[in-house]
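Computed from a predicted structure; not experimentally measured. Computed from heavy atoms alone, side chains included, the values below leave out hydrogens, waters and symmetry copies.
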Amino acid sequence: MRTLKGPGLFLAQFAGDAAPFNSWEAITRWAAGCGYAGVQVPTLDARLIDLDKAAASKGYCDDWAGQARDNGVEVTEFSTHLQGQLVAVHPAYDTLFDAFAPEALRGRPAARTEWAVEQVKKTLTASRHLGLSAMASFSGALAWPYVYPWPQRPAGLIEEAFDELARRWRPILDHAEDCGVDIAYEIHPGEDLFDGDTYEMFLERVGGHARACMLYDPSHYVLQALDYLDHLDIYGERIRMFHVKDAEFNPTGRKGVYGGYQSWVNRAGRFRSLGDGQIDFGAIFSKLAAMDFPGWAVVEWECCLKHPEDGAREGAAFVRDHIIRVTERAFDDFAAAGTDRAANRRLLGLEGA
């Protein structure tokens, strides 16, 4: 077994136009000051990284990551959540998701998809330059508008959507193989990969591709009333990343999983700062330690109540307190008998047999 690395912080919710969140230099110093040892970086944010340079130059990557190390943190992984979202967009969401693309591509869905694919590939190349083993992403969604079968879905509709999703991702996964980097899809409502069944549907269509892996975030399972501990037992071999994010689900006579179109504060399912929700992180960290999980425990702060800077500082301490420094020996080694095969045979009554 090995000890989880951490705490890390996903920077997507913190990057902004005001200091110290508006530059790589400042935000890495701030993260270290909050108690983090690593940062997970969204590559769509030009305030944090020049993706074109990172994909083209290992030297740029080394200098960029070196600046972070000088400030007290290392880069845990890259994220292409927003670019991955744009690999597959149902037309109902075109206008909303256009905001994630350059202005020149808005209203041009085919060109936007082509751009998104190249963005993900560039991030995989940059990951290779830094020696990173995994990259986070979303799958995008073609079938999501049909998640609830009313009216009855036409035969073959979902299969067609997943066939197309796999067709778009297969060349990206092959590039990931060339780079030696796993793609860790965050299993997330709003994506076509939103639970175990949908992940398996996709995995089957990409031929069980070794690079089609998972990002484990238990908060998205709590809000679906999915067993987040059993999920670890089922998919442990495919999990490459861990977002430490809390949530609570408090259904009432008025609302449940679907949330009643209410604000985050008024939904039955809400994201919370670490320690303020219902997730059993003691059990999760224990399972990951027993599974020999090789990655980072990365805080993704999302909370409908608490200020983000408070959530970030508290989150670093929360993860440090939950990481289990794994033992190098069994607790009952003091009682070891020190036997050998001959002694074992005698104990079994097999001597001379």
Query - Set of ring pair (Phe, Tyr, Trp, His ring centres under 6.0 Å) partners for Y221, sequence neighbours left out - result: Y216, H231

Report task. For F281, enumerate each residue passing the ring pair (Phe, Tyr, Trp, His ring centres under 6.0 Å) test, keeping only those at least two apart in sequence or located in another chain. Result -> F318

Query raised in the report: Just how far is it from atom NE2 of H307 to atom OG of S273, taken to the nearest 0.5 Å?
Result: 11.0 Å

Query raised in the report: In chain order, what residues pass the side-chain contact (heavy atoms from CB on, under 4.5 Å) check against A283, with sequence neighbours excluded?
Result: L229, D280

Requested in this report: Dump the intermediate steps for salt bridge (charged side-chain N to carboxylate O under 4.0 Å, His left out) on R29 and E25, then the final yes or no.
Outcome: CA-CA 6 Å; R29 286 187 183 278; E25 168 71 22; 2.5 Å; yes

Can you list, pair by pair, the side-chain donor-acceptor contacts under 3.5 Å of residues 130-140, counting residues two or more places apart and other chains?
unit_1 : atom_1 : unit_2 : atom_2 : d
S137   : OG     : T80    : O      : 3.2
S137   : OG     : T80    : OG1    : 2.9
S139   : OG     : L193   : N      : 3.4

Query raised in the report: Under a single-linkage rule joining Ile, Leu, Val, Met, Phe, Trp and Tyr whose side-chain heavy atoms are separated by less than 4.5 Å, which residues share a cluster with Y261?
Result: none

**Report entry** Distance in Å, T113 OG1 paired with Q83 CD, rounded so as to fall on 0.5 Å steps
**Finding:** 13.0 Å

Query raised in the report: Taking only residues two or more places apart in sequence, or in another chain, which ones meet D70 in a side-chain contact (heavy atoms from CB on, under 4.5 Å)?
Result: none

Report summary line: Residue set satisfying salt bridge (Lys or Arg N to Asp or Glu O under 4.0 Å) with D233, at least two apart, ordered chain then number -> K287

Considering only distance and modelled atom types, tabulate donor-acceptor pairs under 3.5 Å from the side chains of residues 59-66, sequence neighbours left out.
unit_1 : atom_1 : unit_2 : atom_2 : d
Y60    : OH     : D50    : N      : 3.0
D62    : OD1    : K58    : NZ     : 3.3
D62    : OD2    : K58    : NZ     : 3.0
W64    : NE1    : L48    : O      : 2.9

**Report entry** Hydrophobic cluster identity match, I279 and W296, side-chain contacts under 4.5 Å
**Finding:** no

Query - Within the 6.0 Å centroid threshold, strictly below: Y185 and W169 - result: yes

Cut-off 3.5 Å, no hydrogens considered: what does the side-chain donor-acceptor table look like for residues 95-105, sequence neighbours left out?
unit_1 : atom_1 : unit_2 : atom_2 : d
D98    : OD1    : R112   : NH1    : 2.8
D98    : OD2    : G107   : N      : 2.8

Report summary line: Contacts of W30 meeting ring pair (Phe, Tyr, Trp, His ring centres under 6.0 Å) (sequence neighbours excluded), chain-then-number -> F14, F21

**Report entry** Residues forming a side-chain contact (heavy atoms from CB on, under 4.5 Å) with R325, sequence neighbours excluded
**Finding:** T3

Query - ring pair (Phe, Tyr, Trp, His ring centres under 6.0 Å) against Y258, all qualifying residues, sequence neighbours excluded - result: none

Query raised in the report: Is the gap between the ring centers of Y228 and H220 under 6.0 Å?
Result: no

